[in-house]
Amino acid sequence: MKMESVLMVIMVMEMVGLITCKNVLMMVADDAGLELKAYGNTACKMPHLDTLAERSVVFTRAFTSVSSCSPSRAALLTGLPVHQNGMYGLHHSVHHFSSFPRVRSLPSVLADNGVRTGIVGKKHVGPEDVYPFEFAHTEETESIMQVGRNISRIRDLVHTFLTNNDTRPFFLYIGFHDPHRCGHTHPEYGQFCEKFGDGSPGMGTIPDWEPTHYDPKDVQVPHFVQNTTAARTDLAAQYRTLSRLDQGIGLVLTELAASGHSQDTLVIYTSDNGIPFPIGRTNFYDPGIQEPLLVSSPLNPNSWGSSSSDLASLLDLTPTVLAWFNLSYPHYFIWKKDGPVVLTGKSLLPFLTPGNMTVRHHQNYQEFTTMSHENLTLKVKHKPQHIRHQMEDVVAASEEAAVYASHDLHEVTMYYPMRAVRTPSFKLVQNLHYRMPFPVDQDLYLAPSFQDILNRTREGEQLPWFTTLSHYYHRPRWQLYDLRRDPLERRNVAGKRSYGEVQATLEGRLQAWQHFTHDPWRCGPGAVLEDSGNHATRPVCLPLFNGL
């Protein structure tokens, strides 16, 4: 249907009251990055997502709050950072992490308010009591390869959910397993399971998938990946799997239209964390936390095809869905001593109204900080130029909107707690256990791109990478990046005298967020948190005298 026809249908339906504004379709990719044309990648062909982008607001600065699968999904579905919801690391197998039993998630809150909930594909969070879905086909019920990568099976399950004659509003969550690596679990299918279902001998056939082949020389190498044959071959395999994801998105949207719900359903597409390459997944560099985020509202067609550079967080998705259903967040406690749970994210729906795109620009951390810089801006213009620039930096660090991040583990053996605050101008990362080398997960270790780095480093060969393996492993306690002058995060200015006030300001904002969200790590690594007994009403950080 042409855009003009769609707009006319919507206008008529609005006038006669047929748009009930009741449904949400949320599609979450697994380790996908910014491979869409909307984000500047013209090498990877994603026509269905390109079409969705043309019917969406494209958020160009959207970030996950944690760069790890289960923790990110738990944060997305609860609106709470990992240290608050309890999903410290991966949920499955020996890793065995789960959210706290009192946490309230989107599916449980929606179900209590008469919304039908469904999940197809990767769930990877628990326990079931916290994340209950009425209609569920996940790795807990059948093979993740079938419900997460077999797009024909996904289409059939979505069809079943959408055509069961239930008149309740719905929330349908699709957890695609593509383009996650599978060299660790299913090496027979290739590094990204790019051969699974492609019709070649022994690989089976996915009827609705037409594989797209990529020559390694044609891929678009991200700035943080070394430009070598091994890395390009790795990226070509990732692109091929992304073609399956994209065609799966197309099938799901076709089913939504066929069911008659394309005009009353908010559609959201995002991913859980950065791509599984060094600097990507499990890292707090932008490639590890920046996510694709498309939000398409049938009630705001004038916003289609627009973009927003305002900061967005995946912690915003829970309040966004609740706002769409006109529901309030419930009043409850995870731990009585911490007080009632309050979301720190904001609904993204105001960004879908043309002319209102910057509505949240100044809705930053004021609800949970006591810092004040009211008179700072007035003093700036009367200072010498170099002092004026420094003070302008402090104003930006204190007044710009911010998103926050919290990471503890990926696999259970990968303990490396980090906290971060990011504004449009600056990013501050705290590596709490910075004296340990940064850990590497099993999937990444076996990847051709990482093996290439290991082999070249061991053999003393040239490595066309912007950093070294040693610098990747060994990180300082604080990392501060001036994103206006250094958008690729190549120069750490933490500890520099000219950035002293900026760093202190961002540290204050980060600590305020940690206190507001009751972060158990908020006193580390130089002190111990005491928040019970004699300190139950006034938690304190008591020094360890450990040199930190």
Side-chain angles (χ1 to χ4, degrees), residues 13-14 17-28 73-81 84-87 98-121 123 125-138 157-158 160-175 252 256 259-270 295-300 313-334 339-352:
M13 294 178 73
E14 283 183 308
L18 293 179
I19 291 184
T20 56
C21 187
K22 291 293 185 181
N23 307 308
V24 173
L25 169 64
M26 183 180 292
M27 298 178 288
V28 180
R73 292 163 192 269
L76 185 157
L77 287 170
T78 63
L80 305 177
Q84 192 173 18
N85 72 55
M87 186 70 70
S98 289
S99 289
F100 300 130
R102 290 193 182 94
V103 168
R104 300 297 308 277
S105 71
L106 260 182
S108 68
V109 174
L110 295 177
D112 287 348
N113 287 275
V115 177
R116 183 166 59 107
T117 62
I119 181 171
V120 174
K123 185 178 183 183
V125 292
E128 174 67 21
D129 288 347
V130 172
Y131 301 95
F133 285 88
E134 182 179 340
F135 178 93
H137 290 266
T138 71
L157 291 170
V158 169
T160 300
F161 178 84
L162 293 174
T163 58
N164 70 345
N165 296 320
D166 193 317
T167 59
R168 290 176 295 166
F170 65 78
F171 171 72
L172 178 58
Y173 176 99
I174 312 295
V252 171
L256 184 72
S259 69
H261 286 298
S262 60
Q263 307 304 332
D264 58 20
T265 300
L266 183 73
V267 177
I268 300 172
Y269 167 77
T270 189
V295 182
S296 177
S297 167
L299 301 187
N300 303 95
S313 169
L314 297 196
L315 293 177
D316 296 333
L317 295 187
T318 284
T320 298
V321 172
L322 292 177
W324 181 260
F325 286 114
N326 197 27
L327 297 175
S328 299
Y329 189 67
H331 180 85
Y332 74 99
F333 299 80
I334 297 176
V341 180
V342 180
L343 297 177
T344 57
K346 304 290 184 183
S347 169
L348 299 177
L349 294 186
F351 290 95
L352 308 185

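Positions are given from 1 along the sequence.
- Across L315, T78, D316, T318, a single residue satisfies side chain to side chain contact (heavy atoms under 4.5 Å, CB included) together with L343, and that is T318.
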- Message: Test side-chain contact (heavy atoms from CB on, under 4.5 Å) on L299 and W324; report intermediate values, then the result.
- Response: CA-CA 11 Å; L299 301 187; W324 181 260; 4.2 Å; yes
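- V130 is not listed as a side-chain neighbour of N85, based on a closest heavy-atom distance of 4.5 Å or more.
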- Message: Walk me through whether F325 and V115 qualify under side-chain contact (heavy atoms from CB on, under 4.5 Å).
- Response: CA-CA 9 Å; F325 286 114; V115 177; 4.0 Å; yes
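- Distance check: M87 CE to F100 CZ gives 10.5 Å after rounding to the nearest 0.5 Å.
- A centroid separation of 6.0 Å or more is found between the aromatic rings of F135 and F170.
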- Message: Checking L256 against L172 for the side-chain contact (heavy atoms from CB on, under 4.5 Å) test, could you report, in this order, the C-alpha distance in whole Å, the side-chain angles of both residues, the deciding distance, and whether it holds?
- Response: CA-CA 11 Å; L256 184 72; L172 178 58; over 6 Å; no
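- For the atom pair M26 CE and I268 CD1, the distance stands at 4.0 Å (nearest 0.5 Å).
- Around the CZ atom of R102, the shell of radius 6.0 Å holds no more than 12 heavy atoms that belong to other residues, nucleotides or ligands.
- For the atom pair CG (N113) and OG (S328), the distance works out to 9.0 Å, reported to the nearest 0.5 Å.
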- Any chance you could lay out the side-chain contact (heavy atoms from CB on, under 4.5 Å) test for I119 and Y131, step after step, and finish with the verdict? CA-CA 10 Å; I119 181 171; Y131 301 95; over 6 Å; no
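- Taking CG from D264 and OG from S259, the interatomic distance works out to 8.0 Å, rounded to the nearest 0.5 Å.
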- Given Y329 and H331, is the ring-ring contact (aromatic ring centres under 6.0 Å, His included) satisfied, shown in steps? CA-CA 7 Å; Y329 189 67; H331 180 85; 9.9 Å; no
